[in-house]
Number of protein chains: 2
Amino acid sequence: MPAMPQAAPDAATRARLTAAAIGLFTRKGYAATSVREIVESAGVTKPVLYYHFRSKEGIYLETLREAMEEFRSLLDSFAPCDEPVDAQLRRLCSALHDLFLRRLDLVRLVHSILYGPPQGAPFFDFHAVHEQLVDSIRRLVRIGVERGELGGADEEGMTLAVVGAFNAVSETEMLHPRRGCGRERLNRTLTVVLRGMRAGERP
Amino acid sequence: MPAMPQAAPDAATRARLTAAAIGLFTRKGYAATSVREIVESAGVTKPVLYYHFRSKEGIYLETLREAMEEFRSLLDSFAPCDEPVDAQLRRLCSALHDLFLRRLDLVRLVHSILYGPPQGAPFFDFHAVHEQLVDSIRRLVRIGVERGELGGADEEGMTLAVVGAFNAVSETEMLHPRRGCGRERLNRTLTVVLRGMRAGERP
DNA sequence: GTCTATACATGGATAGAC
DNA sequence: GTCTATCCATGTATAGAC
């Protein structure tokens, strides 16, 4: 019975390589990480990496795709519900914040590539993931306006205000990585922003 | 009369080098920019660069220091006044937004280093400039609270909300660099946030 | 101060044996 | 699949003449 999918004999080697790679890429960036470092950190030799992945770009793209799945799946799983939209926005931002804290190095890398100069790293479509995040918030805002829970005709301004509040806290977290103290900060910042978004305020 | 400061004979050469360097560093990043590219872009040869600056790190740090002066001086020149704080906050953000648009590549570089992995670039204290920016906003918020123009005891939340709104617009600008359309967007986003910061709203 | 030519290290990638 | 040994391009930096 040949060619049974017997859990791939070399799966362990691949896994060690991807783990080493994602760690180094996210902590040092693409250009500053050498193939030598990756293979040493994984306890293998160079040809092993080039056998399993085709190149440095190859292992970079594959490990990143894998790592970004977690973000995509969180956003995909977030379906709007009957709850008041301000509470939903808080829940979404809070869940994202938890994930960001757990993968802070990855978030750093994404941030630097999304907003920074190319730095020689091969193209990866972080933009799409970021758009998905913004769209999730935009959709909730729109629902809030339709329901009459949020006021003003400026959906885009409200969306940017929420995204901004979330980003400001995330970026503070990146600058001062003292684990966990940001959850309450996020809530308080959102309180300010959401107060400006409620319907029925004086103009 | 020896050693008169006759405008430095080689000032032009230095200027061409720094101009070429800042352009390449901000567009490509530190690691992805080679000394060869810099000198070719400046129309000189390698030893000229090593004579005037001591190394690649040297010209990087010196050109950045020079470029960041513009940001520092804008922040230094902004003194709080009698105007209502919401208008002052709008003015400050608007002035910063103009500067960001003019130096978008530089902002990108700063962003990627401030929030991203080290990438092998030598240390430059962007953090201090960023703190100065946040402090300028924080100071205005505090004044607003003291005057009773802004409500709530949460000065930090309000500061982050304003910083976030500004950053969200700046980052949108970095992602979609279509010149100029962001000014009104900034104003509208600030409108949402500032509405949430006014005194006398229902809790 | 500015050139030509070059030293020297590092990094990505592969050949060929096992 | 995994190893040893090596190729080759690129990059920083400098020696030494002018």
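To find a chain, count down the sequence lines: A is the first, B the second, and so on, and within it residues start at 1.
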Problem - Asp10(B) side-chain proximity, nearest of dT12(D), dC3(D), dG1(C) - result: dG1(C)
Handout entry: Basic-acidic side-chain contact under 4.0 Å: Glu173(B), Arg178(B)
Key = no
Completion exercise
The answer to which of Thr45(A) and Ser55(B) contacts DNA chain D further toward the 5' end, by nearest nucleotide, is Thr45(A)
Exercise for the section: Using atom CD1 of Ile38(A) as one end and atom C1' of dA13(C) as the other, report the distance to the nearest whole Å. Expected result: 13 Å
Problem - Side chain of Val44(B) (C-beta onward), nearest among dC3(C), dG1(C), dG11(C) - result: dC3(C)
Practice task
Would you mind telling me which of dT4(C), dG12(C), dT12(D) lies closest to the side-chain atoms of Pro47(B)?
Solution key: dT4(C)
Exercise for the section: To the nearest Å, give me how far apart NZ (Lys56(A)) and C1' (dT10(C)) are. Expected result: 11 Å
Handout entry: Side chain of His52(A) - closest among dT2(D), dG12(C), dC3(C)
Key = dT2(D)
Practice task
Taking only the side-chain nitrogens and oxygens of Thr13(B), find out if one of them lies under 4.0 Å from OP1 or OP2 of dG1(C).
Solution key: no
Completion exercise
Rounded to whole Å, the CD-P distance (Glu57(B) to dA13(D)) equals 7 Å
Handout entry: 5' priority, DNA chain C, between Glu37(A) and Arg54(A) [closest heavy atom]
Key = Glu37(A)
Exercise for the section: In sequence, state the C-alpha distance, the side-chain angles, and the governing distance for Phe71(A) and Phe100(A), and then conclude on ring pair (Phe, Tyr, Trp, His ring centres under 6.0 Å). Expected result: CA-CA 9 Å; Phe71(A) 289 80; Phe100(A) 273 39; 5.8 Å; yes
Practice task
Before accepting this row, confirm whether a basic side-chain N of the pair Arg65(A)/Glu69(A) lies closer than 4.0 Å to the acidic partner's carboxylate O.
Solution key: no
Exercise for the section: Give the rounded distance in Å between these two atoms: NZ of Lys28(B) and C1' of dT10(D). Expected result: 12 Å
Practice task
Measure the distance from OH on Tyr51(A) to P on dA13(C) and round it to the nearest whole Å.
Solution key: 18 Å
Problem - Salt bridge present between Arg14(B) and Glu62(B) (N-O < 4.0 angstrom) - result: yes
Handout entry: N/O (side chain, Tyr50(A)) to phosphate O (OP1/OP2, dA13(C)) under 4.0 Å
Key = yes
Exercise for the section: Could you state the atom-to-atom distance from CD of Glu40(A) to P of dC3(D) in whole Å? Expected result: 13 Å
Completion exercise
Here the distance between atom P of dT12(D) and atom CZ of Phe53(B), to the nearest Å, is 15 Å
Practice task
Send over the distance from Lys46(B) NZ to dC3(C) C1', rounded to a whole Å.
Solution key: 13 Å
Problem - Polar side chain donor-acceptor pair, Arg90(B) to Thr191(B), under 3.5 angstrom - result: yes
